[in-house]
Amino acid sequence: MTKNLVIVESPAKAKTIEKFLGKDYTVRSSFGHIRDLDKGDNAIDIKNGFKPNYVVSPDKTKVVAELKKLAKESETVWLASDEDREGEAISWHLFEVLGLKEDKTKRIVFHEITKPAIENAIKNPRKIDKALVDAQQARRILDRLVGFELSPILWKKVKPSLSAGRVQSVAVRLIVEREREVNNFNSQSDFRIFAEFTKEGQSKVIKAELPQRFQTEKEALDFLNLALDSQFGVKNIEVKPAQRKAAAPFTTSTLQQEASRKLGYPVAKTMLLAQKLYEAGHITYMRTDSVNLSETAIRGAAAEIIRAYGKEYSFPRNYTTKSSSAQEAHEAIRPTYFENHSAGSDAQEMKLYELIWKRSIASQMAHAELERTIVDIEVSKAGRTLKAEGEIIKFDGFLKVYLESSDDDEDEENAGILPPLSVGEKLNLVHMISEQKFSRPAPRYTEASLVKKLEELGIGRPSTYAPTISTIQKRGYVLKDNREGTTRSFQTATLKGGKITVKTATEKTGVEKSKLFPTDIGTLVTDFLSEHFHQIMDYGFTAAVEKEFDEIAQGMIGWNKMIEGFYKPFHKDVDNTLATAERVSGEREIGRDPETGKLVIGRIGRYGPLVQIGDSEDEDKKFASLRSGQTIETITLEQALELFKLPRFIGEYKGEKVTAAIGRFGPYIKFGSIFASIPKDRDVFEVNLEEAIVLIEAKIKAEQEKLIKSFSEDKDLEILKGRWGPYIAYKKNNFKIPKDTDAAKLTFAQVMELIEKQGGIKDKKSKSDSGEPKAKAKAKAKAKAKAKTKK
DNA sequence: CAGTGAGCGAGCTTCCGCTTGACTT
């Protein structure tokens, strides 16, 4: 029998709070939302004011049953879910589902998990804010309406199983548009002048640069020629104090960005590691949009900074959140105990913890005091001055522990220390270089920079950034990929020892690592949705509906009124699109085949993007799949024709033809019935007979080693080595072997037992026979369940 | 359109936000 039941969202939080509250309080967790809209078509009664039909989520029935029981036994139930829209809704659903009584229920909130905060919350209970709950219902219903009306359009007009939604479709659009920007970018070049000097009698190099840029190589060379006859001297020295300030402590989004830049973690990995640190009690909650720190945290950080670095390094303060969409239900992400400089159960967790610790500590440390020196160096004959910059750190402050990285720090070379100089002083030129520099397009998104952009647009929440990124990749809209880049030449000239040498040098351009690229399907779907659902695809759509949700939360409008206002025109577009829009395949005319004069087109087929010679009427049209990295939008006629050169005849081996081609699993060599994959570093168009024979022989050998064991009891039974380890093959059926068993030692009886356990063999040919295939049985069960709910 | 082991054809797919598990089917 408990007096008080407190319900929070997270079990780790429950554990901590229980300690603060003592024995009169039982603290349990709801594990997030306990109810959601029903799965099928009867989730929302559109004709009846969009009345939602909520059901307890299947994985929550146990939690709900337990909470119900505890609630019944308790004198007071304290609903302590987060203080934001979703949290308020969780409390309301709990109230409804648990059948709570108003006079025995109290709603409390706290933004930080500290004893005073919890005690204060208990002293100040309130009622459930129904207007805020309604705002959440509107959000939920709008997302369902958008997602479940748009996706089926894609199934009909593009391809089955695709999806669309308020968040994901805009995320894909960002990537598609960035890709087009990059591909259409017209790179311009100009010429920059760099120089290095020394002070008389010293070896320390002073680096300088001409602030102006030259448009042509001739202007740059003219400048070098003038410099050739020039004297160099210090014309002016400017010394300015400067400051650098620490960045705010981490939110989910900034944590993901920094972990990506500094540690190279994908966002999902960062969240997984953070979750573990949180569950172990090392850090505060990792899904937050707030930069706020509790009083306790600020005091704790200050104490640790003073202890470890000294009083002058401490600068306690709080930060304010810039993002307007922030709901600030939690603290910033920080260590629970600042005195622990290290925590975590493996190297990756420890690195992430260290990053969080440093960032949080730095946020409470003093500004760095710098002295920036700018020296103008006169080039006597040219009438222009070069600039040399130096920076001295007078007081390192927070830089002692942490410096935030930026996405493009290529140009960002730290200014060094300059030797003492005086105006009028002569300098010796070591060398002067003119270099052609090319402008660059906006960079393609990484997972983390996409999260940053989404947050700026107010799209998505801390709990959904990582899942959204994985969804758009799973749907095949977006691909995380690398590009090798191409070599390009640039002009450079060096003035050294009274001589000018002109040279053409080369550099790599377009190298990409772990960047997000749109696939053909991603591009196609984005164009389709943009054409027919301009409003949903607008980058400001979420911000606009958020404004209306806020009005609902303030009681200014009813939620069903808002939804109705949105749904009427939206649904009209849906009907209209279903009725009138053509099925799309992303077809693009690439050119004409010079041999036959037939049309060459690119489009998306059943198995993905392909090029085709001859239109759909053509009897002898030919097909070829695109290779990875190629897209319908960018493939050239030359590249397309190249694809038709496959399969390519390489030569003969043992009297049989050897050919090379590209299949569903990549490039391969074919020899009789043998297929051997061509390794990544070899080109399918270049591989020669000698190399092919090596691959063929290796494959034959692998085939021979494939058989691990056969059985005299039954010739059809074999244990084979497959792609995923040993498996049992029996009469065209395959069966798994448990991980920890030695496949070679299995006896006939053991193998038969394994087969029996996995449902025995099924006749492949005849249709209705012993035992239905698994998938089918499942589908049937589902259909039955559906029929039931409809009644 | 086409290749490795399964599947081979009827009925399914899908949204966004909260939160963690997991009976091995």
Side-chain angles (χ1 to χ4, degrees), chain A residues 8-13 29-37 39-40 43 57 59-60 62-63 81-82 84-87 89-90 93 136 139-155 159-169 275 279 285 287 329 459-464 467-468 471 475 542 605-608 610-612 621-625 646-647 661-666 668 670 673-677 699 702-703 706 720-725 727-729 732-736 738-739 757-759 762 764 767 773-776 778-780 782-783 786:
Chain A
V8 295
E9 291 182 32
S10 145
K13 206 168 166 179
S29 133
S30 73
F31 295 83
H33 274 296
I34 52 155
R35 271 205 312 190
D36 191 12
L37 290 174
K39 279 166 73 174
S57 315
D59 56 332
K60 295 293 163 60
K62 262 174 104 173
V63 184
S81 49
D82 299 343
D84 57 18
R85 202 162 62 202
E86 297 296 328
I90 288 174
H93 282 301
Q136 192 275 347
R139 198 280 305 156
R140 179 68 192 89
I141 288 165
L142 180 127
D143 281 337
R144 167 61 66 87
L145 290 171
V146 170
F148 277 35
E149 298 215 355
L150 287 189
S151 300
I153 299 180
L154 296 180
W155 306 341
K159 202 181 131 175
S161 301
L162 294 176
S163 65
R166 174 177 57 84
V167 172
Q168 58 168 287
S169 297
Q275 175 90 28
E279 283 170 10
Y285 197 57
R287 291 185 276 265
I459 298 170
R461 303 277 312 132
S463 66
T464 60
T468 299
T471 299
R475 296 271 175 273
T542 291
R606 203 144 69 98
Y607 301 97
L610 58 87
V611 281
Q612 169 181 338
K621 53 180 179 278
K622 289 194 291 181
F623 303 97
S625 302
L646 300 175
I662 297 174
R664 201 159 123 204
F665 308 99
Y668 65 93
K670 186 166 187 256
S673 60
I674 306 258
F675 293 87
S677 289
K699 177 73 184 199
E703 286 285 326
K706 197 172 144 189
L720 300 176
K721 193 163 93 184
R723 269 198 296 170
W724 300 312
Y727 68 96
I728 298 163
K732 299 244 176 191
N733 278 268
N734 299 301
F735 302 92
K736 285 176 205 162
K739 260 188 190 156
K757 252 194 202 165
Q758 289 172 47
K762 288 149 206 155
K764 293 263 154 167
K767 266 196 175 171
K774 263 190 232 160
K776 215 173 181 177
K778 240 190 209 168
K780 263 199 176 169
K782 261 190 187 170
K786 207 174 174 184

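Each chain gets a letter, A, B and so on, in the order its sequence line appears, and its residues count up from 1.
In this structure, A:Pro11 reaches the sugar-phosphate backbone alone: every heavy-atom distance under 4.0 Å involves primed, P, OP1 or OP2 atoms, never a base. Heavy atoms of A:Val146 sit nowhere under 4.0 angstrom from any nucleic acid atom. Contact annotation for A:Gly87: no contact, since no heavy-atom pair falls under 4.0 Å across all strands. Within the nucleic acid shown, A:Ala89 has no heavy atom closer than 4.0 Å to any nucleic acid atom. Contact annotation for A:Leu150: no contact, since no heavy-atom pair falls under 4.0 Å across all strands. A:Gly32 comes within 4.0 angstrom of a base, heavy atoms only. Residue-level contact check: A:Ser625 touches the bases, meaning some heavy atom is under 4.0 Å from a base atom.
Centre separation under 5.5 Å together with a plane angle under 30° does not hold for the ring of A:Trp155 and the six-membered base ring of B:dT14, so they are not marked as stacked. Centre separation under 5.5 Å together with a plane angle under 30° does not hold for the ring of A:Phe148 and the six-membered base ring of B:dC15, so they are not marked as stacked.
An OP1 or OP2 oxygen of B:dG17 is reached within less than 4.0 angstrom by no side-chain nitrogen or oxygen of A:Gln136. For the pair A:Ser10 and B:dT19, the criterion of a side-chain N or O lying under 4.0 Å from OP1 or OP2 is not met. At the phosphate of B:dC16, neither OP1 nor OP2 sits under 4.0 Å from any side-chain N or O atom of A:Thr464. Proximity of A:Arg139 to the phosphate of B:dC16: no side-chain N or O atom is located under 4.0 Å from OP1 or OP2. Note on A:Arg461: a side-chain N or O is less than 4.0 Å away from OP1 or OP2 of B:dC18. Look at A:Arg475 and you'll find a side-chain N or O under 4.0 angstrom from OP1 or OP2 of B:dT14. Between A:Arg287 and the phosphate of B:dG17, there is no side-chain N or O to OP1/OP2 separation shorter than 4.0 Å. Between A:Gln168 and B:dC15 there is a side-chain polar atom (N or O) within less than 4.0 angstrom of OP1 or OP2. Listed pair A:Ser163 / B:dC15 meets the phosphate criterion, a side-chain N or O lying under 4.0 Å from OP1 or OP2.
Taking only side-chain atoms of A:Lys60, from C-beta outward, the nucleotide of B:dC16, B:dT19, B:dC1 with the closest atom is B:dT19. Comparing B:dT20, B:dG3, B:dC18 by their closest approach to the side chain of A:Tyr668 singles out B:dG3. Looking at the side chain of A:His33, the nearest of the listed nucleotides B:dG17, B:dC15, B:dT19 is B:dG17. Ranking B:dG3, B:dC16, B:dC1 by closeness to the A:Lys699 side chain, first place goes to B:dG3. In the set B:dC18, B:dT20, B:dG17, B:dC18 carries the atom at the smallest distance from any side-chain atom of A:Asp82.
In this structure the side chain of A:Thr471 reaches within 4.5 angstrom of the side chain of A:Arg475, judged on heavy atoms.
Here the C1' atom of nucleotide B:dC15 and the CD1 atom of A:Ile153 are 13 Å apart, to the nearest Å. Here the P atom of nucleotide B:dT20 and the NZ atom of A:Lys62 are 17 Å apart, to the nearest Å. In this structure, the CZ atom of A:Phe623 is 7 Å from the P atom of B:dC1, given to the nearest Å. Residue A:Gln275 contributes atom CD, which lies 12 Å from atom C1' of B:dC18 at whole-angstrom precision. Between the CD atom of A:Glu86 and the C1' atom of B:dC16 there is a distance of 8 Å, rounded to whole Å. Per the geometry, CG belonging to A:Asp36 stands 9 Å off C1' belonging to B:dC16, to the nearest Å. The CG-C1' distance, from A:Asp143 to B:dC16, rounds to 4 Å in whole Å. Look at CD on A:Glu9: it is 6 Å from C1' on B:dC18, rounded to the nearest Å.
If you check the side chains of A:Glu9 and A:Ser29, you find no donor sitting under 3.5 Å from an acceptor.
Comparing A:Pro152 and A:Tyr285 by the nucleotide of DNA chain B that holds the closest heavy atom to each, the one mapping nearer the 5' end is A:Pro152. Mapping A:Lys159 and A:Thr468 onto DNA chain B via the closest heavy atom, the residue that lands nearer the 5' end is A:Lys159.
Nucleotides B:dC16 and B:dC12 are separated by 22 Å at their P atoms, to the nearest Å. Of the P atoms belonging to B:dT13 and B:dC18, the separation is 25 Å, rounded to the nearest Å. Between B:dC1 and B:dG9, the distance separating the two P atoms is 15 Å to the nearest Å. For the C1' atom pair drawn from B:dT25 and B:dT19, the interatomic distance equals 25 Å after rounding to whole Å. The gap from the P atom of B:dG17 to that of B:dG21 amounts to 23 Å, rounded to the nearest Å.
A distance-only check finds a donor-acceptor pair linking the side chain of A:Ser81 to the backbone of A:Gly87 [under 3.5 Å].
For B:dC18, the base has no donor-acceptor partner in the side chain of A:Ser463 [N/O atoms by modelled type, under 3.5 angstrom]. Within 3.5 Å, a donor on the side chain of A:Ser161 pairs with an acceptor on the base of B:dT13, or the reverse. The base of B:dC15 is paired with the side chain of A:Arg140 by a donor and an acceptor separated by under 3.5 Å.
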Checklist entry - Does the salt bridge (charged side-chain N to carboxylate O under 4.0 Å, His left out) test come out yes or no for A:Lys13 and A:Asp82, once each step is laid out? => result CA-CA 11 Å; A:Lys13 206 168 166 179; A:Asp82 299 343; 2.8 Å; yes
Item to check | Check against side-chain hydrogen bond (donor to acceptor under 3.5 Å, both in side chains), A:Arg166 and A:Thr542 | outcome: CA-CA 7 Å; A:Arg166 174 177 57 84; A:Thr542 291; 3.3 Å; yes
Next on the checklist: What verdict does the side-chain hydrogen bond (donor to acceptor under 3.5 Å, both in side chains) test give for A:Arg287 and A:Ser463, after you've listed the backbone C-alpha separation in whole Å, the side-chain angles of each residue and the deciding distance to 0.1 Å?
Outcome noted: CA-CA 6 Å; A:Arg287 291 185 276 265; A:Ser463 66; 5.6 Å; no
Checklist entry - Hey, mind stepping through A:Glu86 and A:Arg139 against salt bridge (charged side-chain N to carboxylate O under 4.0 Å, His left out) and telling me if it holds? => result CA-CA 10 Å; A:Glu86 297 296 328; A:Arg139 198 280 305 156; 2.9 Å; yes
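Expressed to the nearest 0.5 Å, how far CG of A:Leu154 lies from NZ of A:Lys159 amounts to 11.5 Å.
When every heavy atom of A:Ala164 is checked against every heavy atom of A:Ser151, the shortest pair comes out as N-OG, 3.1 Å.
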